[in-house]
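Inspection log for the structure reproduced underneath, given as structure tokens.
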Amino acid sequence: MPIHTTEQGWVLETHAAGYALGVNRAGLLAHRYWGVRLLYPDDYPAAPDPTGWASFNGAAQRTPEEYPGYNDLKYIEPCLKVTFADGVRDVWLRVEGADVRDSDTQLDIHLRDQHYPFRVTLHYRVHEPYDLIERWVTIANEDNAPMTLERAWSAQWHLPCDERGAGYRLSHLSGRWLDEWQLRREPLARGVTRLESRRLTTSHHHNPWFAIDRGTSEEDHGEVWFGALAWSGNWALAAEVTDFGSTRVSLGLNDWDFAWRLDPGQTFTTPHSLAGYTADGFTGASQRLHDYIRDQVLPHGRALHKVLYNSWEATSFDVDEAAQGALAARAAALGVELFVMDDGWFHGRDDDTAGLGDWSPDARKFPHGLAPLIARINELGMDFGLWVEPEMVNTDSDLYRAHPDWVIHFPTRPRTEARHQLILNLARPDVQDYLITALDRLLAENNIAFIKWDMNRNVSEPGWPDAPGDPRELWVRYVEGLYRVWGTLRERHPAVVFQSCSGGGGRADLAILRLADQVWVSDNTAPAARLPMQEGYSQLFPACTMEAWVTDMGPTYPPLSFRFHVSMCGVLGVGADLLRWSDAERAEATELIALYKRIRPIVQRGDQYRLRSPRAHAYSAV
Ligand code: GLA
């Protein structure tokens, strides 16, 4: 039974881990334990009852609260900050009751404010075989006046208390465009270490994932506490070591520039956070996430992904029926199974200054639509895939000329362009409906098996002039709008495989993987640069999501076999100009693709072991 209710509170047990919480004598919902599973539910320690510390720190400052609100003599990072209609700005939450549901896999703890009709429900779901616990929060305003949420995080995860407060090490992923997914392993400093995105997407710069150990764990052994947030917009991670030696990691929506008006009778649900404990080292942590993602998250689960060809690095914007047909013939001869036409195919698109927003084939390049090219590709025995960038618009497009008010902007400010494009405000239902109609038509009228969904800039001037609520709700409503558009298309076209791309790896997280089976890890396809990125990416995501192309990127490039071997660690693709490859190169590629197909079930479905890190060795092995 994964959830036990005892006199001391609640115990959540997975295959190898235990997590306990309970109410202490001060009435606070406190964390009790997270670590190796103990023999009996009564073995877990009771909720701690700390006292205050002089006049400067109350008992609450020293209590590891499961979901601290901002109040009291307490200065740690809280999870919840609100302003009530009368201007009061703190919350006093106490446990009102709890339910265990869904065959003992979900615990809901109901908290209520001591004065206002305001309820917060903490949800815990136990994923027993994966040693993972999922947490999220529902916040309900039962008052007759609106209130404002200023921070509503998903979870605070507590590590075992270490009075010296010096022993933990934080592993995280950081980087930038062309250099994403760099694994950093650093001692966790006292105070707050904050990682975040303010870019409207998950971002190339940090990923909402962490792993914490005591500084001695290795790939194959040692305790690791790890977790992630399932959200594709602005997020925050605060890893805090208090002056009393308590270490905790909070994850949730970024409260930077965030506000949410919660009207009477309304509820707000946070994104979900997932975390786990293992004694099997960093590989053990990754394998648990990989299995969970393959079994519980990905739209097509453990289905094997096809070897693909992508036209971008060969033809850039210069696509037409003849040129793509010639590449497709070469690709099919190598054993490629899916041919993806990248940017440049739609109305008015000759370079990056025009066309985004007008999702119909360019009549000059495709006078009879996409059908003849798709038929040719299907005759060659391959599926057809297509690139789109639905959230974007060029000012030189029919869509922008018709709806200049549909973009994110402040009316009195210039609209800053990046790559000559602006961002459609997907918080608006009319924009969502337009995209659903345009993309649904594209998918319904053409035999498209794969969509590469791109997003090539970050936000500026985050205004929403006619917002029905607080305009700062944009940060959340945009992402919810994206999920609605993408989710509707998925429902209507369930066989289509989607790839999430944002100029490379700018949008990869546990939430987007409910919509996309694959991720474009980076626009940098040079294999030596790719190795550390693949190591970082694999901390969290399984190889079956990691699209990796063999290209001719760079002034010089290493042997073809090395390029293939690096890409064969994920979902193999080819992105080079095949018309330039020699007979010998094509013969070698044909053999390597055949080899990949033989080992693909192991690469995509197997347990991944990181044997040699490219950070520590001149070579890498997985
Ligand atoms: C982004 C993607 C590339 C390619 C281009 C097309 O940069 O990451 O793979 O699709 O857009 O404009």
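We count ligands from 1, going down the list as the structure has it; atoms in each ligand are counted the same way.
Taking only nitrogen or oxygen atoms, main chain and side chain alike, G504 reaches within less than 3.5 Å of ligand 1. Ligand 1 has a nitrogen or oxygen under 3.5 angstrom from a nitrogen or oxygen of D523. For ligand 1, the polar-atom distance check finds no N/O of W549 at less than 3.5 Å from any of the ligand's N/O atoms. The shortest N or O to N or O distance between W312 and ligand 1 is not under 3.5 Å.
Atoms of ligand 1 lying under 4.0 Å from at least one heavy atom of N456, given by number and element, are 1 (C), 7 (O), 11 (O). In summary, the atoms of ligand 1 found under 4.0 Å from a heavy atom of C501, numbered by their order in the structure, are 2 (C), 8 (O).
Counting protein heavy atoms only, atom 10 (O) of ligand 1 is closest to D342 OD1, 2.6 Å. With respect to atom 12 (O) of ligand 1, the closest heavy atom belonging to the protein is D343 OD2, 2.6 Å. Looking from atom 9 (O) of ligand 1 to the surrounding protein, the closest heavy atom is K452 NZ, 2.7 Å.
Between R507 and E391, at least one side-chain nitrogen of the basic residue sits less than 4.0 Å from a carboxylate oxygen of the acidic one, meeting the salt-bridge criterion.
Taking the six-membered ring where tryptophan is involved, the planes of H403 and W406 are essentially parallel, since the angle between them stays under 30° and well short of 60°.
Side chain to side chain, H300 and D517 meet the donor-acceptor criterion of an N or O pair below 3.5 Å.
Both tests hold for R198 against W256: distance to the six-membered ring centre under 6.0 Å, angle to the ring axis within 45°.
Of the options W387, F450, W520, W486, a ring-ring contact (aromatic ring centres under 6.0 Å, His included) to F498 is made by W486 and by none of the others.
For W312 and F317, the gap between ring centers is short of 6.0 Å.
At a 4.0 Å heavy-atom cut-off, ligand 1 does not touch D352 at all. Residue contacts with ligand 1 for D454 involve side-chain atoms from C-beta outward but no N, CA, C or O (heavy atoms, distance under 4.0 Å). Residue E313 does not touch ligand 1, judged by heavy-atom distances below 4.0 Å.
For R419, the heavy-atom gap to ligand 1 drops under 4.0 angstrom.
In terms of the ring pair (Phe, Tyr, Trp, His ring centres under 6.0 Å) criterion, F384 has no residue partners (sequence neighbours excluded).
Applying the 6.0 Å contact sphere to CD of E417 captures more than 12 heavy atoms from other residues, nucleotides or ligands.
Proximity of D577 to E313: side-chain heavy atoms (C-beta onward) are nowhere separated by under 4.5 Å.
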